[in-house]
There are 2 protein chains.
Amino acid sequence: MLRNRVKELRARYGYTQSELGKKVDVTRQTIAFIEKGEFSPSITLSLKLAQALQVEVGDLFWLEEE
Amino acid sequence: MLRNRVKELRARYGYTQSELGKKVDVTRQTIAFIEKGEFSPSITLSLKLAQALQVEVGDLFWLEEE
DNA sequence: TTGAAATGTTAGGTTTATATTACATAATGT
DNA sequence: ACATTATGTAATATAAACCTAACATTTCAA
């Protein structure tokens, strides 16, 4: 199961979903879907998010058992 | 632009495309497409590939200018 | 040198990521 | 209290990921 810390890190930087979306070239709904864990974004988008949130991509997304 | 080291690391381990595909639950064609850089796999598949090839996902896939 | 295994590649189909639009609610500032 | 902004969420549409099947070519062991 895929987990992520997007919502937590976005909050830490005080970005809105729209702002973060703009930084990585997706809509705010895409950010919302990712935060809800509803799908598995592309590695390209994942790398951009990691860069925007200043964290290693492996620390932003990870796989958990079950 | 998205770059990756899948082909190089797969060779290092002596895995065939089919073997690697089986480890990460995709077909050999999907592995071939990724090696050719034809698309941007999901973060889920990227994490599985990094695990199979024993490298950090950020060292397996990265973004380059242009 | 022959045959199997690995790889390259293409076509057509299904599934999923992502966009667009829209509406409702929550939060915030004036 | 009101207006604005942020978020939740859903419907429909499109693009891209991924699959299956197939055939051609390359590699490599017997």
Side-chain angles (χ1 to χ4, degrees):
Chain A
M1 163 157 228
L2 183 67
R3 289 292 171 79
N4 77 78
R5 295 204 303 151
V6 173
K7 188 168 191 170
E8 171 198 345
L9 289 172
R10 177 175 63 81
R12 174 172 312 177
Y13 285 100
Y15 297 148
T16 67
Q17 292 180 339
S18 293
E19 283 169 346
L20 181 56
K22 198 159 201 176
K23 283 177 195 292
V24 299
D25 292 307
V26 295
T27 63
R28 71 174 186 84
Q29 284 83 350
T30 294
I31 301 295
F33 272 118
I34 292 169
E35 290 184 352
K36 275 178 66 184
E38 300 233 346
F39 60 60
S40 177
S42 69
I43 182 69
T44 297
L45 175 52
S46 303
L47 287 166
K48 287 184 187 174
L49 285 168
Q51 188 174 326
L53 298 172
Q54 306 197 51
V55 68
E56 290 297 317
V57 61
D59 293 325
L60 188 56
F61 293 93
W62 65 94
L63 294 173
E64 273 183 12
E65 308 310 315
E66 173 189 4
Chain B
M1 164 159 226
L2 183 66
R3 290 292 171 77
N4 76 78
R5 296 203 303 150
V6 173
K7 188 168 191 168
E8 171 198 344
L9 290 172
R10 177 176 64 79
R12 176 171 309 178
Y13 285 100
Y15 297 148
T16 67
Q17 293 180 340
S18 293
E19 283 170 345
L20 181 56
K22 199 160 199 176
K23 283 177 194 292
V24 300
D25 292 308
V26 296
T27 64
R28 72 174 185 86
Q29 285 85 345
T30 294
I31 301 295
F33 270 117
I34 291 170
E35 290 184 354
K36 273 178 66 186
E38 300 235 346
F39 59 60
S40 177
S42 68
I43 181 69
T44 297
L45 174 52
S46 303
L47 288 166
K48 287 183 186 174
L49 285 167
Q51 185 173 328
L53 299 172
Q54 306 195 51
V55 68
E56 290 298 316
V57 63
D59 294 326
L60 188 55
F61 293 93
W62 65 95
L63 293 174
E64 273 182 14
E65 306 315 314
E66 177 188 3

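These numbers were taken from a predicted model, which means no experiment stands behind them. These numbers come from the heavy atoms of this one structure, side chains and all, not from hydrogens, waters or symmetry mates. Each chain gets a letter, A, B and so on, in the order its sequence line appears, and its residues count up from 1.
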Contacting residues from residues 35-52 of chain B, given that a heavy atom lies under 4.0 angstrom of DNA chain C: Lys36(B)
Protein-nucleotide distance (Asp25(A), atom CG; dA15(D), atom P), rounded to Å: 18 Å
Global bending angle along the helix from dT1(C)-dA30(D) to dT30(C)-dA1(D), which compares the axes of five pairs at either end, to 10 degrees: 50°
Heavy-atom pair with the smallest gap, counting every atom of Glu65(B) and Met1(B): O-CB, 4.4 Å
Distance below 4.0 Å between Thr27(B) side-chain N/O and dC19(D) OP1 or OP2: yes
Glu8(B): partners by side-chain hydrogen bond (donor to acceptor under 3.5 Å, both in side chains), with sequence neighbours left out: Arg5(B), Arg12(B)
Nucleic acid contacts - residues 9-17 of chain B versus DNA chain C, non-hydrogen atoms under 4.0 Å: Arg10(B), Thr16(B), Gln17(B)
For residues 41-48 of chain A, which side-chain N or O atoms pair as donor and acceptor with protein atoms under 3.5 Å away, sequence neighbours left out?
from, atom 1, to, atom 2, distance (Å)
Ser42(A), OG, Leu45(A), N, 3.1
Thr44(A), OG1, Ser40(B), OG, 2.7
Ser46(A), OG, Ser42(A), O, 2.8

Neighbour count >12 (heavy atoms, 6.0 Å) for atom CD, Gln51(B): no
Between side-chain atoms of residues 25-37 of chain B and protein atoms elsewhere (two or more places apart, or another chain), which donor-acceptor pairs fall under 3.5 Å?
from, atom 1, to, atom 2, distance (Å)
Thr27(B), OG1, Thr30(B), N, 3.4
Thr27(B), OG1, Thr30(B), OG1, 3.3
Glu35(B), OE1, Arg10(B), NH2, 3.2
Glu35(B), OE1, Gln17(B), NE2, 3.2
Glu35(B), OE2, Arg10(B), NE, 2.5
Glu35(B), OE2, Arg10(B), NH2, 3.2
Lys36(B), NZ, Glu38(B), OE2, 3.0

Rounded distance (Å) that lies between atom P of dA15(D) and atom CZ of Phe33(B): 18 Å
Separation of atom CG in Leu2(A) from atom C1' in dT16(C), rounded to whole Å: 14 Å
Pairs meeting criterion ring pair (Phe, Tyr, Trp, His ring centres under 6.0 Å) with involvement of residues 45-65 of chain A, two or more places apart: none
Spacing between Lys22(A) atom NZ and dA19(C) atom P, to the nearest angstrom: 14 Å
Nearest heavy-atom neighbours spanning Asp59(B) and Val55(B): CB-CG2, 3.6 Å
Value in whole Å for how far the P atom of dG8(D) lies from CD of Gln29(A): 11 Å
Nucleotides 23-30 of chain D: protein proximity per nucleotide (B base, S sugar-phosphate only, - neither; heavy atom, under 4.0 Å): --------
Lys23(A): partners by side-chain contact (heavy atoms from CB on, under 4.5 Å), with sequence neighbours left out: Tyr15(A), Ala52(A)
Heavy atoms from other residues, nucleotides or ligands near CD of Glu56(A) exceed 12 (cutoff 6.0 Å): no
Under 4.0 angstrom between Lys7(B) side-chain N/O and dA6(C) OP1 or OP2: no
Any side-chain heavy-atom pair of Tyr13(A) and Gln54(A) under 4.5 Å: yes
Taking every non-hydrogen atom, the tightest pair across Leu60(A) and Leu9(A): CD1-CD1, 3.7 Å
Check nucleotides 2-4 of chain C against the protein and report each pair of N or O atoms closer than 3.5 Å, with its distance, or say if there are none.
none

